[in-house]
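Residues: numbered from 1 along the sequence shown. Both backbone and side-chain heavy atoms feed into the values below; hydrogens, waters and symmetry mates do not. Because the structure is predicted, anything quoted here is derived from the model rather than measured. Ligands are counted one by one from 1 in listed order, and the atoms in each one are counted from 1 as well.
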Amino acid sequence: MHYIENVIGNLKNKSSNEPEFLQAVEEVLNSLKLVVEKHPEYQNLALLERITEPERIITFRVSWVNDKGQVQVNRGYRVQFNGAIGPYKGGLRFHPSVNQSIMKFLGFEQVFKNALTGLPIGGAKGGSDFDPKGKSDAEIMRFCQSFMNELYRHIGQDVDVPAGDIGVGAREIGYLFGQYRKIRNAYEAGVLTGKGLEYGGSLARKEATGYGLLYYMREMLKANNMTLEGKTVLISGSGNVAIYACEKAQQYGAKVVAMSDSNGCIYDANGINLDVIKQIKEVERGRIKEYANRVNGAVYTENNGKHPIWNIKADIALPCATQNEINLEEAKILVSNGVKVIGEGANMPTNIEAINYFLEKGILLAPAKAANAGGVATSALEMSQNSMRLSWTFEEVDKKLDAIMTNIFANCKKAAEQYNLGTNYVAGANIAAFDKVSKAMIAQGII
Ligand code: NDP
């Protein structure tokens with residue numbers, strides 16, 4: 001049996017209750033066949049076994065008291081997946097679906113994504129099954145403080161640097177940082193990224209993942225003689241990534257006609273009014289349904305176990321909500337409705353069958369670990385500014401972000417071409433990232 005199949009088979013036995021993790025591993029390893037054939041020595045080094053095993057998994061109890069005075073208990077996680085090229089780095093997710101499988105898949109993806117940025121950061125992920133929806137500000141603060149009461153001993157600006165993800169934005173990072181500072185009695189600004197501008201945050205971090213996605217899309221389209229100008233776009237989600245993807249897409253002259261949240265989607269044939277979305281989501285923390293009450297002609301469709309946003313006709317789809325939002329059935333609908341380009345803003349939004357279908361049909365697919373790397377890249381720029389005790393302007397950070405995304409696309413394209421994979425940038429991203437991480441691991445010996 002081929003080395004790769006062996007490794008996947010063993011992992012399936014060992015981690016059979018971790019479907020998301022297995023999915024992420026399979027997608028990466030299956031695209032490394034040609035690389036592994038070229039390097040038979042990898043098998044003796046057990047490189048694939050090592051790269052798929054987290055260096056450390058920490059789970060912990062998070063007890064806190066709600067506004068009614070009742071004691072609540074959640075589970076906290078930090079998966080420090082691979083530190084070969086720098087301090088562990090990756091976001092924290094607060095969502096009821098969080099479990100070890102999801103943490104491991106996100107940590108695994110993060111290792112490769114961080115390598116693609118070209119910056120010295122290892123991969124990690126963390127979070128909790130805490131549900132921030134409907135919680136008061138005081139409850140969020142007490143939860144974050146309790147979470148940090150344990151996490152602090154595992155992180156540090158040269159050790160592991162968490163950031164935001166689903167359910168963790170500027171407010172949560174603020175409470176987490178405050179508690180860390182109090183426990184440590186030191187101002188170690190570089191221990192968390194996504195901080196507020198008043199206390200060590202970076203300009204353009206908020207916009208970075210969404211803008212970065214569009215910089216990558218611009219490059220990918222340019223390489224295939226297309227532009228964003230005049231294209232119709234669907235964007236799932238209406239959180240941090242979705243909102244700033246929409247903003248940049250509109251600046252590039254595209255027409256975004258639909259956005260969504262976990263309850264449903266809105267369609268606005270005139271093009272989404274992003275100020276209304278920002279008011280509902282960033283200010284009021286409300287539901288997207290509200291958009292249809294405020295904007296004439298907009299239509300709201302409730303989710304019915306599926307994602308109605310993918311039934312809408314468009315040229316480009318940008319899944320920016322969560323994992324596995326596009327399955328094979330939805331991929332077929334998208335293609336039959338004329339979608340020619342997919343850009344993954346969320347992590348692993350497309351399942352393996354859907355990815356294969358898109359590639360088979362010649363659809364251009366910008367893979368998450370490359371296309372959404374702008375967030376973590378800008379987090380690393382935040383760390384640099386913290387170390388230098390300097391702040392760059394919005395334009396300076398945005399320019400560096402653009403250069404990083406342009407370079408990431410160039411590397412994905414180069415790796416795909418090197419192995420005669422045409423426009424399969426999914427494999428290109430995996431190969432380019434693996435090349436860097438594997439070399440660093442080999443150089444550092446068997447650890
Ligand atoms: P937010 O919490 O800001 O927004 C998430 C959005 O997705 C919300 O609109 C949310 O709807 C929707 N959503 C979440 N879970 C589900 C679900 N199970 N089904 C349907 N909709 C859902 O998160 P981000 O924008 O930060 O993250 C979105 C994606 O991008 C994630 O996959 C994340 O890992 C990835 N990402 C984020 C980065 C960042 O810098 N923030 C960097 C790189 C990747 P609702 O409000 O109803 O829950």
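Taking the six-membered ring for Trp and thresholds of 30 and 60 degrees, Phe60 and Phe147 have ring planes inclined between 30 and 60 degrees apart.
The backbone N or O of Lys206 lies less than 3.5 Å from a partner atom in the side chain of Asn240, making a donor-acceptor pair. Listed for the Thr117 side chain is no donor-acceptor partner under 3.5 Å among the backbone atoms of Lys113.
Shortest contact from atom 10 (C) of ligand 1 to any protein heavy atom: Ser262 N, 4.5 Å. Scanning all protein heavy atoms for the shortest distance to atom 27 (O) of ligand 1 gives Ile166 CG1, 3.7 Å. Distance from atom 18 (N) of ligand 1 to its nearest protein heavy atom, with residue and atom name: Thr322 CG2, 3.7 Å. With respect to atom 25 (O) of ligand 1, the closest heavy atom belonging to the protein is Val241 N, 3.0 Å. Of the protein's non-hydrogen atoms, the one nearest atom 33 (C) of ligand 1 is Asp165 OD1, 3.1 Å. The protein heavy-atom contact nearest to atom 32 (O) of ligand 1 is Asn347 N, 3.1 Å.
Not a single heavy atom of Gly164 sits under 4.0 Å from any atom of ligand 1. A heavy-atom separation below 4.0 Å is not found between Gln323 and ligand 1. For Lys133, the heavy-atom gap to ligand 1 drops under 4.0 angstrom. Under the 4.0 angstrom criterion for non-hydrogen atoms, Met348 is not in contact with ligand 1.
Of all the atoms in ligand 1, the ones that sit under 4.0 Å from a non-hydrogen atom of Thr209 are 38 (C), 39 (C), 40 (O), 42 (C), 43 (C). Applying the 4.0 Å criterion to heavy atoms of Arg93 picks out, from ligand 1, the atoms 31 (C), 32 (O), 33 (C), 34 (O).
Counting heavy atoms under 4.0 Å from ligand 1, residue His95 touches it through the side chain alone.
Listed by chain and number, the residues in a side-chain hydrogen bond (donor to acceptor under 3.5 Å, both in side chains) with Ser336 amount to none (sequence neighbours excluded).
In this structure, Lys222 is not positioned above the aromatic face of Phe409 in the sense of NZ or CZ being under 6.0 Å from the six-membered ring centre and within 45° of the axis.
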